[in-house]
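Have a look at the structure below, then the notes.
Order of appearance sets the numbers: ligands from 1, and atoms from 1 within every ligand. Just so it is clear, the values below take in all heavy atoms, side chains as well, and ignore hydrogens, waters and symmetry mates.
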Amino acid sequence: DIYDEMERSYPARDNSCTITINPRRSSHLLYPEEHPREHPVAMARRLGILPGGQWKPLNCHPLFNVAIILPYRNRQTQLTIFMNYIHPFLQAQNLDYRIFVIEQSPVREFNRAKLFNVGYAEATKVNDFHCFIFQDIDLIPQNPDNIYACTKMPRHMSSSVNTFRYNLPYSGLFGGAIALTRKQFERVNGFSNVFYGWGGEDDDFYSRLQSKGLQVTRFGPDIAQYYMLIHNKEPPSSARFENLENSAKRYDTDGISNLEYRVLNHQLRPLYSWILADV
Ligand code: NGS
């Protein structure tokens with residue numbers, strides 16, 4: 001039972017929100033690109049979302065407290081599609097959540113992993129989040145039972161993606177969308193900061209989990225289904241294999257322990273908290 005694997009953020013009490021997990025229910029969402037888009041201000045008002053993309057249920061006590069961290073640069077259309085889709089999805093799960101978009105300033109190659117670390121650090125400054133979801137904005141969860149909260153072990157949430165014909169390409173894949181408690185994340189010193197350019201940072205993170213004996217959880221392929229928004233592939237970085245070869249030497253010294261960045265700008269936008277960072 002999936003529910004037994006969940007790690008609650010708040011103790012159960014009278015009038016705790018219930019979340020019914022039904023493994024047979026799968027909404028096969030097709031073409032989220034074609035869903036109607038609403039103005040962010042109108043959407044926030046209609047759905048009762050607070051500035052900075054925060055929401056929690058008011059008629060029951062939520063069980064899960066989650067920060068959703070999205071690394072970002074230059075993908076406005078995808079961001080719009082993602083936000084239109086994800087708020088109703090998260091509200092249906094009765095989560096106490098807040099969405100952070102961490103945008104990398106121009107010029108240097110994209111550093112997905114370091115942006116996750118920045119998201120963790122900035123989110124932690126504003127609230128004592130119990131659970132973190134780190135995910136790419138091109139991934140749309142298709143099954144409403146794929147609960148956006150943490151499990152007893154770190155969870156690979158996007159193990160069943162349409163572009164891989166809903167198969168896991170390799171057993172150590174830990175990219176796309178993942179969920180970790182703050183404790184689990186801190187235990188491995190977060191992500192490595194050295195992976196500029198595409199590829200390898202997720203493999204490095206997986207090796208960090210293994211080095212601490214943290215087994216990875218995955219829900220079944222029916223539940224873990226994602227639709228990937230179409231975009232051009234990034235050219236892989238040439239440094240990624242070299243960085244991976246000496247991963248183990250950097251576990252304790254490279255991560256949230258030595259994280260350095262500058263916040264250039266930040267705004268509480270209607271559907272998310274926006275942070276522009278120089279990393
Ligand atoms: C591996 C990459 C990972 C990446 C995975 C899936 O080869 O970072 O492919 O990529 N590792 C290295 O490059 C060392 S995907 O097919 O989704 O674009 O996540």
For the residue pair Arg182 and Tyr120, would you count it as a cation-pi contact if the rule is NZ or CZ under 6.0 angstrom from the ring centre and within 45 degrees of the ring axis?
no

Any Ile275 side-chain heavy atom under 4.5 Å of Phe100 side chain:
yes

Please check whether Glu201 reaches ligand 1 - meaning an N/O of the residue sits under 3.5 Å from an N/O of the ligand, judged on distance alone.
no

Any side-chain donor near an acceptor of the partner, Asn193 and Asn117, under 3.5 Å:
yes

Taking all atoms of both residues into account, what is the closest heavy-atom pair of Pro270 and Ile49, and its distance?
O-CG2, 3.6 Å

Measure the acute angle between the ring planes of Phe134 and Phe191, then classify it against the limits of 30° and 60° as parallel, tilted or perpendicular.
perpendicular

How does Leu244 reach ligand 1, if at all, at less than 4.0 Å between non-hydrogen atoms: by side chain, backbone, both, or neither?
side chain

Atom 6 (C) of ligand 1: nearest protein contact (heavy atom, Å):
Leu173 CD1, 4.0 Å

Given that the side chain starts at C-beta and the backbone is N, CA, C, O, which of these parts of Tyr170 lies under 4.0 Å from ligand 1, counting heavy atoms, or is it both or neither?
side chain

Validation row: Tyr251, Asn189 side chains within 4.5 angstrom (heavy atoms):
no

Which ligand 1 atoms does Phe241 reach within 4.0 Å, using its non-hydrogen atoms?
14 (C)

Atom 13 (O) of ligand 1 has as its nearest protein heavy atom Arg240 NE, 2.6 Å

Atoms of ligand 1 close to Lys233 [distance to a heavy atom under 4.0 angstrom, numbered from 1]
16 (O), 18 (O)

If the cut-off is 4.0 Å to any non-hydrogen atom of Phe164, which atoms of ligand 1 fall inside it?
15 (S), 16 (O), 17 (O)

Identify the closest protein heavy atom to atom 8 (O) of ligand 1: which residue and atom is it, and at what distance?
Asp202 OD1, 2.6 Å

Can a non-hydrogen atom of Gly175 be found less than 4.0 Å from any atom of ligand 1?
no

Taking both backbone and side-chain atoms of Trp198, is any N or O found less than 3.5 Å from an N or O belonging to ligand 1?
no

Parallel, tilted or perpendicular: rings of Tyr3 and Phe64 (30°, 60°):
perpendicular

Taking C-beta and beyond as the side chain, do Gln225 and Tyr166 meet within less than 4.5 Å on heavy atoms?
yes

For Asp203, the atoms of ligand 1 under 4.0 Å from one of its heavy atoms are 2 (C), 3 (C), 8 (O), 11 (N), 12 (C), 14 (C)

